[in-house]
A.B. asks: 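So that we are looking at the same thing, I have put the structure below in structure tokens.
Below, chain A is the first sequence line, B the second, and so on; all start at residue 1.
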Amino acid sequence: MTDKRLLLIDGNSIAFRSFFALQNSLSRFTNADGLHTNAIYGFNKMLDIILDNVNPTDALVAFDAGKTTFRTKMYTNYKGGRAKTPSELTEQMPYLRDLLTGYGIKSYELADYEADDIIGTLSLEAEKLGYRVTIVTGDRDLTQLVSDKTTVAVTVKGVTEVEDYTPEHLKEKLGVTPTQVIDLKGLMGDSSDNYPGVTKVGEKTALKLIDQFGSVENLYDHIDDLKQSKMKEHLIEDEDNAFLSKKLATIDRDSPLKIGLDQLEYKGINEEYLIDFYQKMGFKSYLKKFQKSGGLKEVEQTQFQELTKANLDKAMESLGNEVSLYLEMPEKNYHLSSFAGFVIGNDEKWFVSRNVELLKLPTIKDLIENIDVKLNVFDSKRTYVGLNRLEINAQCFNYDVLLQSYLLDTNENSNDLGLLAQQHAYYNVESDADVYGTGAKLSIPDDDQTFFQHLANKGKAIEVLGKALDGELKQNEQDKLYWEIELPLAIVLAKMEISGIRVDSNRLIQMQSEFAERLSEIEGEIYRLAGEEFNINSPKQLGRILFEKMRLPIIKKTKTGYSTAVDVLEKLRGESDIVDDILNYRTISKIQSTYVEGLLKVVHSKDQKIHTTYIQTLTQTGRLSSIEPNLQNIPVRIDEGKKIRQAFVPSKEGWHILSSDYSQIELRVLAHLTGDKNMQEAFIENQDIHASTAVRIFGLKDASEVTPNIRRQAKAVNFGIVYGISDYGLSQNIGISRSDAKKFIETYFQEFPGVKNYVDNIVKVAKEQGYVETISHRRRYLPDINSSNFSQRSFAERTAMNTPIQGSAADIIKIAMIKMQQELESRNLKTKMLLQVHDELIFEVPDEEMNEIKKLVPSVMDSAMKLKVPLKVETSWGNNWYEAK
DNA sequence: AAAATCACG
DNA sequence: ACGTACGTGATTTTA
């Protein structure tokens, strides 16, 4: 006897399972080279679980060798008609072999044979020698191999859960013996392998027949015993098929392998190889395991010295005119965060301290404020704001590694320098998460050595990466984008955040009690109509009331139950008065919780202002985003919500709020990018663009024939074009049939041939180069553009159309903001730029500057970039944001 | 942590 | 036949 345990894995089958299990997150699983990695990741996960369970002494992963096998010779249609394997999976197959090498597991394939046959042959051999065998597959056919020595683990859903088949389990579940699995397949056939079996005989019937006769052979020996039935006719007619199918289903347990059991020893993981592989694949979670076990390559530690008052002057003197600086603010919100310490230095000289007060001392402050000293940082906006809070005014930022990385690839924007460095193949700095912990456990180490070392490593990482990424930006022709737009913008944004916007808290508090009163009224009415009290905020409970208790028609379902979203409720309006009450309740409670109460929470008590944080390195298109709080989605469409804007007031008595917004900027960018003459003409002649679109697509004589409804439809078409149009989307949006929507789009493309041409071309460009660009060479990669998955590919195609439009509009307003800030400063104006809302800039203006500003702002904005059509800017002002509209 | 909903451009 | 409009963030409930 032996205590050997052999693990046999059906490689193709598990790869397929892994791929499809993680198909929804396909786009999240790509490495730096754009290779998809979901199947590899899933395979790895499965391996870990299986190895842990089986603890094998020997192991092998068997793969299918190619398209043709001895089975295709028997039956040409074997596995015919199968959908082609998605290219996203095919490209991963070679790397699976590398993964297995890293795990110390042999992989094997044999011409003319399938993985099943390899597994069948080896398991039989092993059984003879007394091994225990475990077979892992996603294919239940292999259960024909189970025995008292061999278990077959079939994946249930995904790859993490398996069902273990033993002879007993097989009997219990299907009532058959292992060899009868073959008879079963013979009778029922296999649609995925494309062999027929007997007509109209499925699993149920086949099991019944096997229970009765034991085998296909015996069944046909006694076929006359069956009483006359359709089934009997089919059995007789398809006798050949039954035997053929049985043969096809039979695993060859004597295939001519050129590998023997003695070569399958499971050697265990090759750490160095696997770490290298994981780094190539970008598998951070797997890499982490090694870090914990201490197996990861040693981080090269940067030398440092603690900075003190005593050595400060000499230290700064040694640094020259380019330094890297990292100011550690552990909390996310840097307007409020504590300061944990800093590192400053270059080359081999790195100085660290926990005491940020040192930064205020002359030599170091002078260095940072010296316009000739270049500062390399990670996140210049954060650093600027932090230093500003210490009353230090940073002057000359140079490399901002976060910003550079984001411009190179919008997805590489981690706020953790260590993680971001990894994405650029720099490993000599750990992630903050590893050194400081995360969530509730986040804390700066008490131990100086640990903390200082990490800071020093960060300084070095910035120095090395800043230079490297600068080179990459040049290669991509993105250097102007970085130096002339994004880097200067970071400081403009920092100044806007620091200025903040004054909020009249008393106004909000007054609104709070008004809304509270109305909410409780509506609440009472809803409870009365529903006949009971329940949580109106819970879609689940609301769904039960509306669709079960009150029996309103079900319009739409979500993953978890009934949908109660606005578009559904709107259709139910006539059914019961409760619907209107719910809609009202929703509107008001949204305003109350998110805006009235939400904003009150983030007003700084010190200055009665809100200081948002703009995120410059997040969106896929180049827009900004705004958090804590989001000041880019303050209500405006519904008057009740819009009143929130009354609480946004100037910071000084007698000043006004002024707002300027670009009119139709995205359609103007579209007219520019597409070069469409008809569209350009409309803008050059300053026509109402939606009306003129309506004239064209509805074949009207002139604008006088455009009714509001027709204009509304044309407007929806224009939006559709910008979003990457589909007939379905348009039909849903304006409530017309899909075929009508299709006609609209066709007519649109006839009338605007330049647009049609652009749409076709941009998709082609995206497919060829893998990314699209804005006017300023902002880049967005589209890894799914060649996907075999229709919906992923379609999504990528729509984003290919939309991103250059939305992104170029973002470029334009960013340029305008930089010029605007320059003008305000060079003219020594007191006016402050406060907010940006994608196509709109908001200022607070002292009365004496109003005349100048109301001309200056639009003129800077409309001249920000020269397009083939004019840019149009509309301006208004008032005592608060509500009035400035 | 994910899902549902709804606020904005 | 597939299953959709593009880009965001905050709040609440639920698993």
Side-chain angles (χ1 to χ4, degrees), chain A residues 24 83 410 439 534-543 556-569 582-583 585-599 601-602 612-615 618-638 640-642 644-645 661-667 669-670 716-734 738 741 745 772 780 788-807 809-810 813 835-841:
Chain A
N24 289 333
T410 48
F534 66 100
N535 186 347
I536 308 170
N537 283 321
S538 158
K540 196 180 167 196
Q541 293 180 37
L542 179 62
K556 200 167 75 178
K557 287 198 149 190
T558 64
K559 273 184 211 165
T560 52
Y562 314 109
S563 168
T564 64
V566 239
D567 55 324
V568 171
L569 294 184
I582 290 164
L583 284 166
Y585 182 90
R586 283 252 178 95
T587 312
I588 295 172
S589 89
K590 173 84 177 181
I591 299 169
Q592 180 79 312
S593 66
T594 305
Y595 298 104
V596 179
E597 289 167 355
L599 288 175
K601 269 186 231 161
V602 291
T612 186
T613 299
Y614 288 105
I615 305 186
L618 182 141
T619 70
Q620 297 300 304
T621 55
R623 275 189 177 181
L624 301 174
S625 91
S626 155
I627 59 163
E628 280 180 275
N630 181 354
L631 291 183
Q632 293 182 317
N633 71 347
I634 302 301
V636 68
R637 293 170 196 174
I638 302 162
E640 275 157 329
K642 190 176 175 181
I644 293 286
R645 296 181 175 222
D661 66 291
Y662 284 110
S663 160
Q664 311 294 356
I665 188 164
E666 293 196 344
L667 286 173
V669 168
L670 180 69
V717 175
N718 278 330
F719 267 90
I721 297 292
V722 169
Y723 291 157
I725 198 139
S726 79
D727 50 12
Y728 181 87
L730 181 63
S731 73
Q732 286 295 298
N733 195 281
I734 50 178
R738 198 168 160 168
I745 296 167
V772 291
R780 180 179 188 174
S788 56
N789 179 310
F790 174 88
S791 106
Q792 290 183 347
R793 187 179 62 249
S794 303
F795 182 62
E797 288 170 358
R798 291 196 296 274
T799 44
M801 299 180 221
N802 174 263
T803 297
I805 300 168
Q806 192 182 113
I813 196 166
L835 302 174
Q836 187 251 43
V837 190
H838 309 306
D839 63 356
E840 176 187 12
L841 296 176

A.B. asks: Can you name the nearest heavy-atom pair linking A/Thr799 to A/Pro804, along with the distance?
C.D. replies: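 So the two residues come closest at O-CD, 4.2 Å.
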A.B. asks: Taking atom C1' of C/dA5 as reference, at what distance in whole Å does atom CD of A/Gln806 sit?
C.D. replies: 13 Å
A.B. asks: Indicate, with a heavy-atom threshold strictly under 4.0 Å, whether A/Gly724 touches base, sugar-phosphate, or nothing.
C.D. replies: nothing
A.B. asks: If you look at every strand shown and take non-hydrogen atoms under 4.0 Å, does A/Asn633 touch a base, only sugar-phosphate, or nothing?
C.D. replies: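 Base contact.
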A.B. asks: Expressed as a whole number of Å, how far does the P atom of B/dC6 sit from that of C/dA5?
C.D. replies: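 Taking atom P in both B/dC6 and C/dA5, they lie 15 Å apart.
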A.B. asks: At under 4.0 Å, does any side-chain N or O of A/Thr564 touch on OP1 or OP2 of B/dT5?
C.D. replies: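 Checking A/Thr564 against B/dT5: at least one side-chain N or O falls below 4.0 Å of OP1 or OP2.
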A.B. asks: Give a yes/no on whether any side-chain N or O of A/Lys540 is located under 4.0 angstrom from OP1 or OP2 of C/dA15.
C.D. replies: yes
A.B. asks: Counting side-chain heavy atoms from CB outward, which of B/dA3, C/dG3, C/dG9 is closest to A/Thr560?
C.D. replies: B/dA3
A.B. asks: Hey, is the side chain of A/Arg637 poking within less than 4.0 Å of OP1 or OP2 on B/dG9, counting only N and O atoms?
C.D. replies: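 It does, given that an N or O in the side chain of A/Arg637 lies less than 4.0 Å from OP1 or OP2 of B/dG9.
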A.B. asks: Rounding to a whole Å, what distance do you find between A/Gln836:CD and C/dT8:P?
C.D. replies: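 Rounded to whole Å, this separation is 14 Å.
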A.B. asks: Could you tell me whether A/Gln620 contacts a base, only the sugar-phosphate backbone, or nothing, with contacts defined as non-hydrogen atoms closer than 4.0 Å?
C.D. replies: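 It contacts sugar-phosphate atoms only.
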A.B. asks: For the side chain of A/Lys590, starting at C-beta, report the closest nucleotide among B/dC8, C/dA10, C/dG7.
C.D. replies: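 In terms of side-chain proximity for A/Lys590, the closest of B/dC8, C/dA10, C/dG7 is C/dA10.
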A.B. asks: Are A/Lys540 and A/Thr560 close enough that some pair of their side-chain heavy atoms sits under 4.5 Å apart?
C.D. replies: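 A side-chain contact is absent here, since even the closest heavy-atom pair is not under 4.5 Å.
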A.B. asks: C/dT12 P sits how many Å from A/Leu542 CG, rounded?
C.D. replies: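 Those two atoms, CG and P, are 17 Å apart.
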A.B. asks: Could you tell me how far apart A/Tyr723 (OH) and C/dT4 (P) are, to the nearest whole angstrom?
C.D. replies: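 So the two atoms are 18 Å apart, to the nearest Å.
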A.B. asks: Picking from C/dC2, B/dT5, C/dT14, which would you name as closest to the side chain of A/Ser538?
C.D. replies: C/dT14
A.B. asks: What do the steps show when you test A/Tyr723 against A/Ile805 for side-chain contact (heavy atoms from CB on, under 4.5 Å), and what is the final call?
C.D. replies: CA-CA 9 Å; A/Tyr723 291 157; A/Ile805 300 168; over 6 Å; no
A.B. asks: In whole angstrom, give me the gap between the C1' atoms of B/dA7 and C/dT4.
C.D. replies: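 Pairwise C1' distance, B/dA7 against C/dT4, rounds to 22 Å.
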A.B. asks: Sequence neighbours left out, what pairs pass salt bridge (charged side-chain N to carboxylate O under 4.0 Å, His left out) with at least one residue falling in residues 619-629 of chain A?
C.D. replies: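 For residues 619-629 of chain A: A/Lys332-A/Glu628, A/Arg623-A/Glu666.
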A.B. asks: Given B/dA4, is OP1 or OP2 found less than 4.0 Å from the side-chain N or O atoms of A/Thr558?
C.D. replies: yes
A.B. asks: With heavy atoms under 4.0 Å as the rule, sort A/Ile591 into base, sugar-phosphate or nothing.
C.D. replies: nothing
A.B. asks: How close do A/Gln836 and A/Gln632 get, counting heavy atoms only, and between which atoms?
C.D. replies: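 Looks like O-NE2, 2.9 Å.
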A.B. asks: Short of 4.0 Å, heavy atom to strand atom, which residues of residues 795-803 of chain A count as contacting DNA chain C?
C.D. replies: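 A/Phe795, A/Arg798, A/Thr799, A/Asn802, in order of number.
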A.B. asks: Remember a base hit wins even if backbone is also touched, and classify A/Val837 as base, sugar-phosphate or nothing at under 4.0 Å, heavy atoms.
C.D. replies: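 Result for A/Val837 = sugar-phosphate.
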A.B. asks: Select base, sugar-phosphate, or nothing to describe what A/Arg738 touches, counting heavy atoms under 4.0 Å on all strands.
C.D. replies: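 Here A/Arg738 touches the bases of the nucleic acid.
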A.B. asks: For the side chain of A/Leu730, counting heavy atoms from C-beta on, which of B/dT5, C/dA5, C/dG7 is nearest?
C.D. replies: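 Nearest nucleotide to the side chain: C/dA5.
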A.B. asks: Whole-Å distance between B/dA3 P and A/Lys556 NZ?
C.D. replies: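 Those two atoms, NZ and P, are 16 Å apart.
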A.B. asks: Are A/Val837 and A/Ile813 close enough that some pair of their side-chain heavy atoms sits under 4.5 Å apart?
C.D. replies: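 A/Val837 vs A/Ile813: side chains apart.
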A.B. asks: For DNA chain C, whose closest nucleotide is more 5', that of A/Asp727 or that of A/His838?
C.D. replies: A/Asp727
A.B. asks: Does A/Asn535 have a side-chain nitrogen or oxygen under 4.0 Å from the phosphate oxygens OP1 or OP2 of C/dT13?
C.D. replies: yes
A.B. asks: Should A/Lys556 and A/Asp567 be marked as a side-chain contact (heavy atoms from CB on, under 4.5 Å) after you check the CA-CA gap, both sets of side-chain angles, and the distance that decides it?
C.D. replies: CA-CA 10 Å; A/Lys556 200 167 75 178; A/Asp567 55 324; 3.1 Å; yes
A.B. asks: Tell me the interatomic distance from A/Lys559, atom NZ, to C/dG3, atom P, rounded to whole angstroms.
C.D. replies: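 After rounding, the reported distance stands at 13 Å.
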A.B. asks: Indicate, with a heavy-atom threshold strictly under 4.0 Å, whether A/Asn733 touches base, sugar-phosphate, or nothing.
C.D. replies: base
A.B. asks: In whole angstrom, give the distance that lies between atom OH of A/Tyr595 and atom P of C/dA10.
C.D. replies: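 Result: 10 Å.
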A.B. asks: Report the secondary structure of DNA chain C in dot-bracket form, marking unpaired bases with a dot and bases paired to a different strand with |, and treating Watson-Crick or G-U pairs with both distances under 3.5 Å as paired.
C.D. replies: .....|||||||||.
A.B. asks: Touch check for A/Ser726, heavy atoms < 4.0 angstrom, all strands: base, sugar-phosphate only, or nothing?
C.D. replies: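 Answer is base: heavy atoms of A/Ser726 come under 4.0 Å of a base.
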A.B. asks: May I have the distance from A/Leu841 (atom CG) to B/dG9 (atom C1'), rounded to whole angstrom?
C.D. replies: 13 Å
A.B. asks: Using only modelled atom types and a 3.5 angstrom limit, is any donor from either the side chain of A/Gln632 or the base of B/dC8 paired with an acceptor on the other?
C.D. replies: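 In this structure, the two groups form no donor-acceptor pair.
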A.B. asks: For C/dG9, does either OP1 or OP2 sit under 4.0 Å from a side-chain N or O belonging to A/Ser625?
C.D. replies: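 Indeed, a polar side-chain atom of A/Ser625 lies that close.
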A.B. asks: Looking at B/dA7, C/dT13, C/dG3, which one has an atom nearest to any side-chain atom of A/Pro635?
C.D. replies: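 The closest nucleotide is B/dA7.
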A.B. asks: So what does A/Glu628 hit on the nucleic acid, given a heavy-atom distance under 4.0 Å: a base, only sugar-phosphate, or nothing?
C.D. replies: sugar-phosphate
A.B. asks: Applying side-chain contact (heavy atoms from CB on, under 4.5 Å) to A/Glu840 and A/Tyr662, what does each step give before you reach the verdict?
C.D. replies: CA-CA 6 Å; A/Glu840 176 187 12; A/Tyr662 284 110; over 6 Å; no
A.B. asks: So, is A/Arg623 close to the B/dC8 phosphate, meaning a side-chain N or O under 4.0 Å from OP1 or OP2?
C.D. replies: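 It does not, given that no N or O in the side chain of A/Arg623 lies less than 4.0 Å from OP1 or OP2 of B/dC8.
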